[in-house]
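Residue numbers begin at 1 in each chain, while the letters A, B, ... track the order of the sequences.
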There are 2 protein chains.
Amino acid sequence: MKSSRDVAGDSGASATDRMRASALKDDVSFLLARANALSLSAGHAALAPFNLRVRSYSILALVADDIRPSQRDIAEHLRLDPSQVVSLIDDLQTRGLVKRDPDPTDRRTNVVVMTDEGRELFRSAHDAVRAAERDLHSHLSPDQRERLSELLLLVAFPD
Amino acid sequence: MKSSRDVAGDSGASATDRMRASALKDDVSFLLARANALSLSAGHAALAPFNLRVRSYSILALVADDIRPSQRDIAEHLRLDPSQVVSLIDDLQTRGLVKRDPDPTDRRTNVVVMTDEGRELFRSAHDAVRAAERDLHSHLSPDQRERLSELLLLVAFPD
DNA sequence: ACTAAATCATTGACTTGTTCAACGATTGTG
DNA sequence: CACAATCGTTGAACAAGTCAATGATTTAGT
């Protein structure tokens, strides 16, 4: 069992091979979940020095584009519940990384804006995340990676 | 609220378009997370009539292959904490869908085995999940879908 | 042969993430 | 103008994930 274990990390022992060959192999949902889990782990590790979680980082990334997203926009794009967005933005705002501005065209709405401090932190965090991602996908060719992005875009935004 | 969500799902308003063009567009992590979230939602909806969640279903899928996975095997393959596996298998076992057999080669180890009842439920659930997934990816060509699986396999199982 | 380290399943506390309901203020629609 | 829809918010409940520790068993090293 132990040898099965060690080998599992290296070359794939019989148990892992058997499971890799399992019905789940063709299961996009399973593969997505697993790939996502790996990505999340790497992301969280990369963001830890900035005291950020992936969710907060994603919001920063959206806000950094200066498209002045409403909270609602953010919720939809990131597929977060509006109440999650409130909580996450509260945190970021408390840290001085973003601020809420009233939307001049609709008094129900806030737009979320990056602060200078937020922009600076995001730049560093962005570099770290990108490096982690490059590392995670180092075994993919540039063509494979590009192809993957294209296909994932289709899946992530069905329309 | 619902109509707004529906619209976002259908045509993509200007805000969604702007965000679609955002820096996150090329962010594999973001795309993975979003695709995974959609997949999870569809999966959970499909499994609701069976009173299953995706995690439990994944375990059933592994066990259904008759490869007699240990709990440890399951934990690694599905990237679950061993304590999660305990809890999930407890639930499935309580429902009579799986059982734990002692592994004859190692007294520390249980192997997880499908019951007849479990096999029957899995078959139905599997059909439902597949149908949901087909629906979710209906806009992908067969070639795209196959390509996606191949690439995800590379990402999900780096080695 | 013996001992210490490693492994498995387990328990349980804690943290993080998600969902849902309800609310007041504001906007859109008929 | 009245009502339905929308936005952000609060907060409770649920789901999922993490971590530490334990006892039993196996493995590795001497």
What do you reckon, are the aromatic ring centroids of B/Phe157 and A/His139 less than 6.0 Å apart?
-> no
Which letters describe nucleotides 13-19 of chain D, given B = protein heavy atom under 4.0 Å from base, S = only from sugar-phosphate, - = neither?
-> --SSSBB
Of all residues at least two apart in sequence or in a different chain, which pass the side-chain contact (heavy atoms from CB on, under 4.5 Å) check with A/Glu120?
-> none
Under 3.5 Å, is there a donor-acceptor pair between the B/Arg100 and B/Gln93 side chains?
-> yes
Would B/Phe50 and B/His126 count as a close aromatic pair, with their ring centres under 6.0 Å?
-> no
Got a donor-acceptor contact below 3.5 angstrom from the B/Ser29 side chain to the A/Ser39 backbone?
-> no
B/Leu78 CG to B/Leu62 CG distance, which is reported to the nearest 0.5 Å | 4.5 Å
Just how far, in rounded Å, is P of C/dT16 from CG of A/Leu47?
-> 15 Å
Between its two end axes (five pairs each) the helix from C/dA1-D/dT30 to C/dG30-D/dC1 turns, nearest 10 degrees, through 40°
Whole-Å distance separating the CZ atom of B/Arg72 from the C1' atom of D/dT27 | 16 Å
With sequence neighbours left out, what residues match A/Ser141 under side-chain contact (heavy atoms from CB on, under 4.5 Å)?
-> A/Asp143, A/Gln144
May I have the distance from A/Asp90 (atom CG) to D/dT10 (atom P), rounded to whole angstrom?
-> 6 Å
Are any of B/Arg100's side-chain N or O atoms less than 4.0 Å away from OP1 or OP2 of C/dT10?
-> yes
Pair A/Glu117 + A/Lys99, salt bridge at N-O below 4.0 Å | no
Can you tell me the distance, in whole Å, between the CG atom of B/Asp103 and the C1' atom of D/dA24?
-> 15 Å
Atom CG of A/Leu78 and atom P of C/dG17 are separated, to the nearest Å, by 14 Å
Sequence neighbours excluded, the answer for side-chain contact (heavy atoms from CB on, under 4.5 Å) partners of A/Ala33 is B/Asn36
Side chain proximity check, A/Val98 to A/Val113, heavy atoms < 4.5 angstrom | no
B/Asn110 CG to C/dT11 P: how many Å, rounded?
-> 11 Å
State, to 0.1 Å, how close B/Thr109 and B/Ser70 come at their nearest heavy-atom pair, and which atoms those are.
-> CG2-CB, 3.5 Å
Which letters describe nucleotides 25-30 of chain C, given B = protein heavy atom under 4.0 Å from base, S = only from sugar-phosphate, - = neither?
-> -BS---
